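Just so you know, residue 1 is the first one in the sequence shown, and it goes up from there. The shown structure was predicted, so the numbers you read here are calculated from the model rather than taken from an experiment.
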Amino acid sequence: MRSLLALLIVILALAALCCCEKDSKEPSGSPSADSIKIKKEVANAFVKRKKRSSPYEWYFEIYRRPMEQMHERCENYPPCDYLSDQIGFALAYNRFFGRY
């Protein structure tokens with residue numbers, strides 16, 4: 001048992017040395033600033049927010065319809081979600097949560 005443990009430790013140490021060995025092709029230290037520059041438009045593409053044109057859109061972003069709330073309630077309860085795949089949403093929801 002101890003020989004297996006010692007062999008495992010040696011193999012893990014060798015694997016760590018192989019994986020952590022520095023690549024001789026890359027210069028040591030931090031990368032230069034030229035290698036990490038990208039265009040401003042590309043860098044901020046994920047930060048841009050979708051513009052809302054009216055209060056109507058703001059309202060419906062926050063407010064969820066009752067049917068959507070019931071679907072989410074059924075999806076979050078695994079037996080109801082499974083049964084809704086078998087017999088349909090309406091029957092599954094009625095079985096677990098009563099009439100809607």
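- Applying the side-chain contact (heavy atoms from CB on, under 4.5 Å) criterion to Gln69, with sequence neighbours excluded, gives Arg64.
- Applying the under-4.5 Å side-chain rule to Ile, Leu, Val, Met, Phe, Trp and Tyr, the cluster around Tyr82 consists of that residue alone.
- Distance check: Arg65 CZ to Met70 CE gives 11.0 Å after rounding to the nearest 0.5 Å.
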Verdict with supporting geometry, Cys74 and Phe96, side-chain contact (heavy atoms from CB on, under 4.5 Å): CA-CA 8 Å; Cys74 186; Phe96 289 102; 6.0 Å; no

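- Partners of Ile11 according to the side-chain contact (heavy atoms from CB on, under 4.5 Å) rule, which considers only residues two or more places apart in sequence or in another chain, are Leu7.
- For residues 75-87, no residue pair satisfies the salt bridge (charged side-chain N to carboxylate O under 4.0 Å, His left out) rule, not counting sequence neighbours.
- Expressed to the nearest 0.5 Å, how far OG of Ser3 lies from CG of Leu8 amounts to 11.0 Å.
- Residues passing the side-chain hydrogen bond (donor to acceptor under 3.5 Å, both in side chains) test with Arg73, sequence neighbours excluded: Tyr93.
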